[in-house]
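Bear in mind the structure is a predicted one, so any value in this text is a computation, not a measurement. Atoms within a ligand are numbered from 1 in the order they appear, just like the ligands themselves.
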Amino acid sequence: MDTDADKREKTAVRGFYEVWGPLYTRLRDLGRDDHEDKSVLIEMLAPFDNDTVLDVGTGPGAYALRVADRAADCQVVGIDLSPAFIDIACRRASERQMDNIEFKLGDIEDLGFADGQFSKVLCAGVLSVVGNREAAVAEMARVLRPGGRLAVREPVRSNGPLARFFASRSQESTASRIGSAVGLMFGHFSPDFMTGPELTALFDGGLFSEVTFTEHARDLVITATK
Ligand SMILES: C[S@@+](CC[C@H](N)C(=O)[O-])C[C@H]1O[C@@H](n2cnc3c(N)ncnc32)[C@H](O)[C@@H]1O
C-alpha cells in the first residue's frame, strides 16, 4: 500500500516524463546506446524461444520492441508508470504492426501479474528512480517462473565532484532535485543513482541463484536465475 509520500513521488515521476518523455525518447534513439548498449542487456537473456518476456519500466519501449522484433515466437509485455511513455511505446508498436507485444500502465512495486507468469524479465534504468527498491526486486522475482531469467541494467553513481555535491544535499533540497532531473537524463551524478555496493546488495536476498554482475560503460548489468 503506497504511503502519501510514495504517491507524491510517483506523481512526480509521471509529471517528469509527461514533460521530458519525448526528448528522452529522441535521445535514446539517437545516441550510441541505441544499438550496441541495448544488445548488451538483451544478449544476457538470449536465446529466445517461445518466451514470455516482461520489460519493467519500459519507457518508450526500446528494449521490449527490440526483443519482440527479434523473436517473433515470444510474447512481450512492457509496463511503465508513465502514461506518456505508454502512449509513445504503443504508437511505435502499432507503426511497426507488431502483434507479439503489448504495453500497459503498471508499477514495478506491485506488478499485478500472476506468480511465475514470465520466463524472462528485463529492467533497464528503473531501480534508481523507484522508492521501494527491495519490493521492486521481489516483484520481479515473483512474476518469474522457476528457472526464469532476470537481466537488469543500472547506472552506478559516479564518485566525481558533481555526484558528491548532489549526494550531500538533503533529498528535499532544490539542489538535489536539480541533480536528480539533470543527472537522470544526462549523467551518472544523479543522487538517485546507487553506488555499486548498494546495487549488488539488492540481489543478495536469496530470491535468485546464479547472480552475476558485469560492468558495462558506467553501468552495472546484473543477471540472475530464479
Ligand atoms: C530512465 S527511464 C528508463 C526507461 C527504459 N527502461 C529505457 O531504458 O529506455 C526510467 C523509467 O522508469 C519508469 N518508472 C519509474 N518508476 C516506476 C515504477 N514505480 N513502476 C514502473 N515504472 C517506473 C519511468 O516512468 C521511466 O520510464
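Scored by the side-chain contact (heavy atoms from CB on, under 4.5 Å) test, A68 finds V76, M98, N100, I101 as partners (sequence neighbours excluded). Qualifying side-chain contact (heavy atoms from CB on, under 4.5 Å) partners for A114, counting only residues two or more places apart in sequence or in other chains: Q117.
Under a 3.5 Å cut-off, the side chain of T52 and the backbone N or O of S119 do form a donor-acceptor pair. Within the 3.5 Å criterion, the main-chain N or O of V143 finds no donor-acceptor partner in the side chain of D115. The backbone N or O of A135 lies less than 3.5 Å from no partner atom in the side chain of E109, so there is not a single donor-acceptor pair.
No donor-acceptor contact under 3.5 angstrom links the side chains of T225 and S209, judged on distance only.
The heavy atom nearest to atom 25 (O) of ligand 1, out of those in V130, D80, T25, L122, is found in D80. Remark: among candidates G125, C123, S82, P60, the nearest residue to atom 1 (C) of ligand 1 is G125, based on non-hydrogen atoms. When the heavy atoms of V13, D110, L81 are ranked by distance to atom 17 (C) of ligand 1, first place goes to L81.
Considering backbone and side-chain atoms together, D107 places an N or O closer than 3.5 Å to an N or O of ligand 1. For ligand 1, none of its N or O atoms has an N or O atom of F85 under 3.5 Å away. In terms of polar-atom proximity, V129 is not counted as a contact of ligand 1, lacking any N or O under 3.5 Å from an N or O of the ligand. Between A124 and ligand 1, a contact under 3.5 Å exists for at least one N or O pair. Taking any N or O of Y24, backbone or side chain, at least one lies under 3.5 Å from an N or O belonging to ligand 1.
The ring of F85 has its center closer than 6.0 angstrom to the ring center of Y24.
For ligand 1, the atoms sitting less than 4.0 Å from at least one non-hydrogen atom of G59 are 4 (C), 27 (O), numbered in the order shown with element in parentheses. Within ligand 1, counting atoms from 1 as listed, the ones closer than 4.0 Å to a heavy atom of Y63 are 8 (O).
Of all the heavy atoms of D55, none lies under 4.0 Å from any atom of ligand 1, so neither backbone nor side chain is involved.
Using a 4.0 Å cutoff on heavy atoms, G106 counts as a contact of ligand 1.
Screening V56, D107, D55 for a side chain to side chain contact (heavy atoms under 4.5 Å, CB included) involving I79 leaves a single residue, V56.
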